[in-house]
Amino acid sequence: MKIKTAILSVTITCAMALMMSCQSEFDKLLNGYDTQAKMDAAFDYYEKGKYNKAAQLFESLTMTTKGTPQDDTVQFYLGMSNYKFKDYVTAESNFQQFVSVFPVSPFTEKAQFLRIDCLFRGTYRYELDQTPTRKALYAIDIFMRERPNSEYNEVCIKMKEDLEERLDKKAFESAKLYYHMEDYLAARYALKNVLKDDADNCYREEIMYLIAKSSYLFALNSIAERQYDRYLNFVDDYYNFASEYPESSHKSELDKLYNKVNNIIKK
């Protein structure tokens with residue numbers, strides 16, 4: 001038992017010593033002045049997937065390679081190391097700086113795209129703050145305008161569709177809250193404002209349906225002397241919906257309401 005304990009103790013001690021030795025070797029390299037050795041090690045760590053260590057070495061190389069032919073390579077792989085390490089906030093900053101300093105480098109187009117990818121990954125669900133979404137959309141628009149033939153444009157288009165759908169849904173759901181609260185007048189105005197701000201909202205059909213429903217329910221729950229004019233608002237909203245979406249699954253429901261309202265108006 002004592003022999004086993006002694007062997008285990010020796011094994012652990014050796015392992016710890018080896019780890020300390022490796023760490024010390026890395027620290028010695030990181031803090032040293034051998035640029036080529038540091039460069040070789042940085043790429044070696046990068047190729048082996050040890051992106052955090054690679055990033056540290058590339059970071060330390062930025063000063064010693066500044067203004068040299070290796071400058072853009074070091075700066076680009078600093079961003080790539082942080083990107084691969086999934087530190088997207090730092091990587092986005094790295095790529096943004098890279099594009100600013102090296103606008104014509106062979107790495108510039110990819111750096112621009114990867115910055116967009118970092119921004120995209122930093123966006124939130126539609127219920128949350130959409131400021132990062134707008135920032136990402138702005139970057140995508142600039143990229144696609146400046147590089148209309150880029151190999152990355154297909155991915156950018158998909159990102160853009162995803163982000164725009166979030167903005168559309170946030171606007172729609174925010175306005176729809178009034179409908180669920182049974183404040184139908186406020187719901188009608190809020191929903192109309194969504195389309196006023198963005199006529200191409202991807203939820204347009206649903207929005208126009210709820211505008212008509214809100215008009216009907218607001219009139220239905222009004223006092224008798226106010227109902228006539230308010231039912232006329234429903235008729236207008238009904239015609240707008242029916243002319244634009246004659247095949248909608250909501251049309252049969254609104255047709256029944258229209259026929260009912262038409263009879264009330266005639267009386």
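- Taken from CE in M159 to OG1 in T133, the straight-line distance is 12.5 Å, to the nearest 0.5 Å.
- Enclosure of atom OH in Y189 is not indicated, since only 12 or fewer non-hydrogen atoms of other residues, nucleotides or ligands lie within 6.0 angstrom.
- In this structure the side chain of M39 reaches within 4.5 angstrom of the side chain of T65, judged on heavy atoms.
- Within the 4.5 Å cutoff, side-chain heavy atoms of L78 are placed close to those of N82.
- A donor-acceptor pair is defined here as one N or O able to donate and one able to accept, closer than 3.5 Å; no such pair exists between the side chain of D198 and the backbone of V194.
- Every side chain to side chain donor-acceptor pair (under 3.5 Å) that D141 has, sequence neighbours left out, goes to K160.
- No donor-acceptor distance shorter than 3.5 angstrom exists from the side chain of E164 to the backbone of N201, with no hydrogens or angles considered.
- Put simply, the side chain of N233 does not reach to within 4.5 Å of the side chain of Y216, judged on heavy atoms.
- Checked against the 6.0 Å centroid criterion, the rings of F58 and F43 qualify as a close aromatic pair.
- Looking only at atom types and distance, the side chain of Y231 has no donor-acceptor partner in the side chain of N262 under 3.5 Å away.
- With no hydrogens or angles considered, no side-chain donor-acceptor pair links Y152 and D117 at under 3.5 Å.
- The shortest distance between side-chain heavy atoms of I265 and V235 falls below 4.5 Å.
- Distance check, rounded to the nearest 0.5 Å: NZ of K84 to CE of M80 gives 5.0 Å.
- Between E173 and K176 there is a salt bridge, with a side-chain nitrogen of the basic residue lying less than 4.0 Å from a carboxylate oxygen of the acidic one.
- At distances below 3.5 Å, not a single donor-acceptor pair connects side-chain atoms of D44 with backbone N or O atoms of D40.
- Nearest heavy-atom pair across L191 and S214 is CD1-OG, 4.2 Å.
- Under a hydrophobic-cluster definition in which Ile, Leu, Val, Met, Phe, Trp and Tyr are linked whenever side-chain heavy atoms come within less than 4.5 Å, directly or via other members, L167 and Y126 are assigned to different clusters.
- A heavy-atom distance below 4.5 Å is found between the side chains of L163 and I140.
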List the steps and the verdict of side-chain contact (heavy atoms from CB on, under 4.5 Å) for F107 and Q75.
-> CA-CA 10 Å; F107 300 116; Q75 295 276 5; over 6 Å; no
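- At least one donor-acceptor pair under 3.5 Å links the side chain of K38 to the backbone N or O of G32.
- Judged by distance alone, with hydrogens and angles left aside, the side-chain atoms of D162 form no donor-acceptor pair with the main-chain N or O of K158 at under 3.5 Å.
- Annotation: salt bridge (charged side-chain N to carboxylate O under 4.0 Å, His left out) contacts of E206 (sequence neighbours excluded): none.
- Within a 6.0 Å sphere centred on OH of Y203, heavy atoms belonging to other residues, nucleotides or ligands number more than 12.
- With rounding to the nearest 0.5 Å, the separation of CZ in F143 from SG in C156 is 5.0 Å.
- Taking each heavy atom of R188 and S215 in turn, the nearest pair found is NE-OG, 2.7 Å.
- Summarising the local packing, CD of Q97 is surrounded by 12 or fewer heavy atoms from other residues, nucleotides or ligands at distances under 6.0 Å.
- Side chain of T108 to backbone of F102: a donor-acceptor contact under 3.5 angstrom is found.
- Listed for the R166 side chain is a donor-acceptor partner under 3.5 Å among the backbone atoms of Y124.
- Put simply, the side chain of Y45 does not reach to within 4.5 Å of the side chain of Q56, judged on heavy atoms.
- Each of E253, R204, K251 was scored for a side-chain hydrogen bond (donor to acceptor under 3.5 Å, both in side chains) with Y209, with one residue passing: E253.
- Counting heavy-atom neighbours within 6.0 Å of K170 NZ, excluding the residue itself, gives a total above 12.
- L119 approaches A136 most closely through the heavy-atom pair CB-CB, 4.0 Å.
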Show me the donor-acceptor pairs, under 3.5 Å and distance only, between side chains in residues 179-187 and residues at least two apart or in other chains.
unit_1, atom_1, unit_2, atom_2, d
Y179, OH, K213, NZ, 3.4
D183, OD1, A186, N, 3.4

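- Between the T123 side chain and the F120 main chain, a donor and an acceptor come within less than 3.5 Å of each other.
- Counting non-hydrogen atoms of other residues, nucleotides and ligands closer than 6.0 Å to CZ of F85 gives a total of 12 or fewer.
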